[in-house]
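See structure below.
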Amino acid sequence: MLAFKLAFRNLMGAGLRTWLNVIILSLAFVMIIWFKGMLDGWDREAKMDSIAWEYGGGEYWQKDYDPLDAFTLTESHSKLNRDQLNEIDKGNLIPVLISQGTIYPDGRMQTILIKGIDKNQSFLKLPTARLDTMINEIPAIIGANMAKTNRLEVGDIMTLRWRDVNGTFDANEIQITDIFQTNVPSVDGGQIWIDIDRHREMMLMPDEATILVCNSDFRQDIIYEGWDFKDLDFLLKEIDEIIKTKSIGGSTFYFILLMLAWLAIFDTQVLSIFRRQKEIGTYIAMGMTKRQVVGIFTVEGAMHSILAVFVGSLYGIPLFWQQASKGINFGMDGSEFGITMAETLYPYYTLGLVVTTIIIVVLTTTLVSYLPAKKISKMNPTEALKGKTT
Amino acid sequence: METQNQISINKLSKHFPVGGGKFTALKEINLNFVEGEFSGLVGPSGSGKTTLLNIIGSLDSPSEGEAIVLGRAISKLSTKASAKLRKEELGFIFQSYNLLPVYTVYENVEFPLLLLNMSATERKNAVMEALDWVGLIPKIKSKPPQLSGGESQRVAIARAMVKKPKLVLADEPTANLDAENSFHILETMLKLNKDLKTSFLFATHDEKVIKYLKRKISLADGMVAKDEYISK
């Protein structure tokens, strides 16, 4: 307690030098929390969007389905059994049939995925109700990014060609009935969504599907033969990987920032011990042990980080509050780059994030403060009293 | 009534390593001091005054022989025990005052009491009393850079005296002061010696101080050349 009291007095007495270090350290604090908050916010939003647009509460994949291998698409479809059909009727599962096709917008050729989905589904955000349109062509909905890439608009009609289950080529006209805006590129780029019943007719695959999307409250322990259940941990792994990569980049950034703060404190400590030798000698003459003096100097250095918490919270809390409520607008969303990221990102700050950051910074600052301070234990007090220690 | 020795120095020698050999700063010193003395180690620079004072103050230890200070053998004290001795029983006054620069006068004087874990009220009373002895109550909020040399040394005296130690060790306390300030400082110390029965041991070659001493121990080349009691 005495060490804290004395260290506080010394820090306050050091004036501007203390506050410069504190401000640098507080910047490190705020930047780390801000950056981590951004990543957490992105992670959270990306997952929420992916769940809302694509994954629901998890997916059953037909056993041959591999989204990363287009050649599996010809085989990865199965007839749904009675139990599955019952769950679809109850609204617990959404069947999706996936096949390859080609569209010809304005005479250009574009290979795409045709995704047939139940137009009456209600728990994915895809505007599938727009597939329930009485027109001569096949109604199709596409994402905004797909529309932009292929210069398509609502009402555009083009030829769609596909190969049915027997390998026979067939073609028909489709009409874009809706263009939806989404942050989830995997439901947008290079694909069109049509009604599954129509898709099954085209493919000659009655009652078949490639994947079954589960409602979030659907029991996930039901095993369907020939189908593999993929939980959200599995499905969202890609997002976790992206965030992890970004986190490593972020860590490098705030490690550099922290290094600057540590360097400032280390430098202050080294200078302090050199300049304050007489003071150190006086402490010892007045009855402190060298260990206690090392303690004072260590606490003094470490206390920079405590003061930085307070200073950082003065401008950090309003900043975080403002950004968490209003978000940060990047002027474009990440779907253009194939990553799930909204145009406006809402940083997500948790108590755990703040506390962990504080603990890490305080502990590392204490260590950085201790390293030069331990030199005191080698000082000869009689030399220190004269300020002659080298 | 038998007077017990506060300090007993027996065949004390101190060597310092210099290059490959050693330099003898003190050679077979034998001295005794009793309670309430106002004595001084006198001699030119390099005579060993400060070295002896540092050993008595448990800031250094003898190479040979022994110094028994307030019943403790300095060479046998652990780091903790020597710190305890300095904290509880000894006061130090230095040539260059050694005040803590960022503390106020009040805080500087309060410092030794913080180490003794005294309560805030006790500390306040003791600090005010000590500042009263040296006449610095109007300056309690000043910081060392705002004080004159004489004022700084008076703060140092108050700091050394605030815990009412049994022994005060003063190393060239007037070396940086003019005649008038030296006079005030010495008068203050003499008064405290008389009123509180605190022993003072100086290391000095300043004639102004020597005039005040009741016992003058002359050192030359690390040995006691003369030990004389001066009747005033």
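Below, read A as the first sequence line, B as the second, and so on, with proteins coming before strands; counting in each chain starts at 1. These numbers were taken from a predicted model, which means no experiment stands behind them.
- Residue with the most contacts toward chain A among Val102(B), Asp60(B), Thr104(B): Val102(B) (heavy-atom pairs, distance under 4.5 Å).
- For chain B, the option among Arg9(A), Glu279(A), Lys278(A) with the highest count of heavy-atom pairs below 4.5 Å is Arg9(A).
- Heavy atoms closer than 4.5 Å to chain A are found nowhere in Glu88(B), neither backbone nor side chain.
- Heavy atoms closer than 4.5 Å to chain A are found in the side chain of Pro101(B), but not in its backbone.
- Across Thr51(B), Leu100(B), Leu90(B), the residue that shares the most heavy-atom pairs under 4.5 angstrom with chain A is Leu100(B).
- No side-chain heavy atom of Leu167(B) sits under 4.5 Å from any side-chain heavy atom of Glu89(B).
- For the pair Tyr349(A) and Gln323(A), the minimum side-chain heavy-atom distance is below 4.5 Å.
- Side-chain contact between Ser82(B) and Arg86(B) is present, with heavy atoms from C-beta onward closer than 4.5 Å.
- Between chain A and the residues Asn117(B), Leu99(B), Leu115(B), the most heavy-atom pairs under 4.5 angstrom are made by Leu115(B).
- Side-chain N/O atoms of Ser96(B) and Asn98(B) include a donor and acceptor closer than 3.5 Å.
- With chain B as the partner, the residue from Arg276(A), Met288(A), Arg291(A) showing the most heavy-atom pairs under 4.5 Å is Met288(A).
- Ser325(A) and Tyr346(A) share no side-chain donor-acceptor pair at under 3.5 Å.
- Aromatic rings of Phe255(A) and Trp262(A) (six-membered ring for Trp) have centroids within the 6.0 Å cut-off, being under it.
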